[in-house]
Each structure stands twice: as structure tokens, then as C-alpha cells.
Amino acid sequence: MEFDIPFNKPYLVGPEMDYMQLAVESLKLSGNGKFTQKCQEYFQDHYGFGKCLLTSSCTDALEMAALLLRLEPGDEVILPSFTFVSTANAFVLRGAHLKFADSLNYNPNINPAAIEALISNKTKAIVVVHYAGMACPMNEILTIGRKYNIPIVEDAAQAIDNMYLDQNGARSLGGLGALSAFSFHETKNIISGEGGMLAINDQVYEERAEILWEKGTNRSAFFRGEVDKYGWVDLGSSFLPSELTAAFLYAQLEHLKHIQEHRLKLWYVYHEALAPLEEAGYLTRMQVPEYSGNNAHMYYVLCRSAQERSELAAFLKSKRILAVTHYLSLHASPFFSPKHDGRDLPESDRYTQTLLRLPLYMALKEEEALRVCAEMGAYFKA
Ligand SMILES: *Cc1c(COP(=O)(O)O)cnc(C)c1O
């Protein structure tokens, strides 16, 4: 079906093809060339992250994180259930057992109060997801990490260019945990088709990260002249993207400011236009916690019931507008439910049943966003 207003449309800033052409003409096509380094430096310089390594996806970056933490069968990882499968799979691949923590009652992010009860002497990582780009309550989470000496991993796939705010100022999401993973999948704010990045904020992981990234060899050290030959020194895989992907990504990064400004404008169009529907009690709008900035990755509303959500989505579809649901809680998934410890996660289930995402993309016009809101109003009035 063709929609007048689809859910997403990837945005091209312009010079992507020129930069890819430059990469082709340079005949440096494999990874870790000039464009890869420019992208990595961009993140290190703009956000104060530790060493950054581009990867072929956020999934890859999470798999690197699980390897870096030396997870072994029987180790435990605490994470939210309302998240994408990759957040969980990366750790299951290493044999870790997952302990799912419930979401907050005001947004789908992990509830710090639920984390502490799940900690055991086998807990090797706490993974947080900044859902919709909104910051998790990081001070509470980092305090728990320090108290039990457990590293924090941020799944910052949706959180590019956003901040955690407190009395000490603003700190970039992805710069707070020991390790952080970003995504440049075509559904994110900044894209390269498929693509991702690992930010290594704790230096103890730096050297090994580079080795895992280069298929388990010390090739990077060799190219810097630090060793006189390179060989197989550890586990590894082919995590790095080609220069063509990095060239595309660099073009996008140069336009990040403009992209973020426009997305934020559209976000507030929704937020203001939907206020009357919230006041009338028909739905709940997403909110920005006082400790979070807003990177306008997503706009969602919470419906009163699963049934009302499917009726609303079907009504919008009949008006040629595509609004979509999101994650099925992982603790209840066909793959994991037999392994789940049986605890109820009511908040996670509630987001699974009632959350509806609205179209938000660069080519969306303000009038179109207003039309989405008007049709939603028409549904509730009918
Ligand atoms: C998009 C996303 C991922 C996966 O990103 P890929 O780059 O497609 O691997 C992981 N976690 C979250 C929370 C995401 O939104």
C-alpha cells in the first residue's frame, strides 16, 4: 500500500555520492581509511567520547561490547525488556543469561529501582537503552554501577546528539557508560544505510577493542608502527565498515545540526497539536524528562488500550497515514519466554500494547504533521 504520509523516509543531505566517489577514486575501499577516521574524530571531538570505532551496525557494536566485557556462559546481564532484539542478542551470543528489568512508569527506559534487586555475584553488565533518544536516569544508574563495580553499557542507537542534564551541566548520551553503541541504520536521525559505532569511554577497553575490530589481529598497532609485524592475538571479527559507508556517513554528519533542528521543529508541531487530545483524556503524549535533552528521534503517544491503538492505527491507515507500534517485550518473546524467570514486567507490557509511533522524517511537512494530528482528533470525536 502507498501512503500519503509514510512512517519514515530516509533523508539525503546532498554530498553523499560525491564523498563516496572520492572514496572510490582514492582506491582505499576497505575500512579504517580517511573517511572512517574523520567520522570517528567527529564523535570524539564533538561529544567528548573516548575512542570511537565505526562498525557495520549498532548490533556489531553491541557484540563488540559483549566481547570486551569478556562475558562467559552463566554470567548475567541486566537490561530492559522493551528494546530491540540486538540489545539482548549480543550478550546471549556469548552465553550470558538475561535478567530483564521493568521500564519506568513515565517512559519505556529501564527503571533504576528495578535494577538493584536483580544484581547477583554473576552480574557482569547493566545495559541501558535511551528509548526514543530520551536519556535514562543516568546518575542513579551510574551510582548502582559504581556501588557494585559493574560496567554500564549504553545502547545509544537512538540517542545521537542528545544530553543528560543535572546540576553539573549537560553530558552527551553515549559518553556516560563504559561502552556505548550507536546506529546509523536508515531509520535513525543520521544514516549510512546500515552502520554503527562503538564509543569506548573506559580506557581499559581501548587496546583490545581495536584488536577485536581488526579480526583479532594487532593490525592497527602495526600500521601506526608500534609493532613490526601483525598477527592473530585475540578473538575478533570483521566489525569495521567499508570506506564507502564511512564516506556516506561523513556527508550526513556535516549536516547534523540542520537535521536536528528540523526534526525538533516537527517534534514540537506534534507535541503542541496533540495537547488538546491529552487534555480530553484520549491519549498520553510522550514527555521529555527534566534530566533529558531532546534529539527528536521519535514522536509517540500512549493509547488507553491495545484495542484502541489498533483502531486508531487502522483509521489513520484508511487516511493513507502510516503510524506504527514498536517492540514486543523480549521477556515474552518466543525465543526468550521459556528462559525468563517468570517475573511480570507490567510497564514493559503496557508500552508493548499501547505505544504508537507517528511519522517523523526530514521530508515531512508541518502541514502533514498537523494533518496526522487532525485525523487523530477526528478518530476520537467519531
Ligand atoms: C536501531 C536499534 C538497534 C540496532 O541498530 P542496527 O544498526 O540496525 O544494528 C539496536 N538497539 C536499538 C535501541 C535500536 O533502536
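For the numbers below, each heavy atom of this structure counts, side chains included, while hydrogens, waters and symmetry mates do not. Indexing begins at 1, ligand by ligand and atom by atom, following the structure's order. Computed from a prediction, not measured in an experiment: that's the story for all the values here.
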task: In plain terms, say whether Glu278 and Arg285 are close enough for a salt bridge, that is, a side-chain N and a carboxylate O under 4.0 Å apart.
output: yes
- prompt: Short question: side chain of Asp161, backbone of Gln260 - any donor-acceptor pair under 3.5 Å?
  reply: no
- prompt: CD of Glu226: more than 12 outside heavy atoms within 6.0 angstrom?
  reply: yes
statement: Min over Ala157, Ala90, Pro80 of heavy-atom distance to atom 12 (C) of ligand 1 lands on Ala157
message: Could you tell me, atom by atom, which parts of ligand 1 come under 4.0 Å of a heavy atom of Phe84?
response: 3 (C), 4 (C), 10 (C), 11 (N), 12 (C)
task: Quick one: look at Cys58 and ligand 1, take heavy-atom pairs under 4.0 Å, and tell me if it's side chain, backbone, both or neither.
output: both
- request: Could you tell me whether Phe82 approaches ligand 1 through its side chain, its backbone, both or neither, with non-hydrogen atoms closer than 4.0 Å?
  value: neither
statement: With sequence neighbours left out, the residues meeting ring-ring contact (aromatic ring centres under 6.0 Å, His included) with Tyr268 are none
Side chain Arg309, main chain Gln353, donor-acceptor under 3.5 Å: yes
Region of Thr59 engaging ligand 1 - heavy atom pairs below 4.0 Å: both
task: May I ask you to check if ligand 1 and Ser183 share an N or O to N or O distance below 3.5 Å?
output: yes
- request: For residues Phe184 and Phe43, establish whether the separation of their ring centroids is below 6.0 Å.
  value: yes
- prompt: In ligand 1, which numbered atoms sit nearer than 4.0 Å to a non-hydrogen atom of Val129?
  reply: 13 (C)
Min heavy-atom dist Gly195 to ligand 1 below 4.0 Å: yes
Polar atom proximity, Asp155 to ligand 1 (N or O, under 3.5 Å): yes
- prompt: Is there a donor-acceptor pair under 3.5 Å between the side chain of His340 and the backbone N or O of His331?
  reply: no
message: Check contact between Lys188 and ligand 1, using heavy atoms of the residue and a distance below 4.0 angstrom.
response: yes
message: Between Asn201 and Phe49 (side chain of the first, backbone of the second, donor and acceptor by atom type, cut-off under 3.5 Å), is there such a pair?
response: no
- prompt: With a cut-off of 4.0 Å, which atoms of ligand 1 are near a heavy atom of Gln158?
  reply: 13 (C), 14 (C), 15 (O)
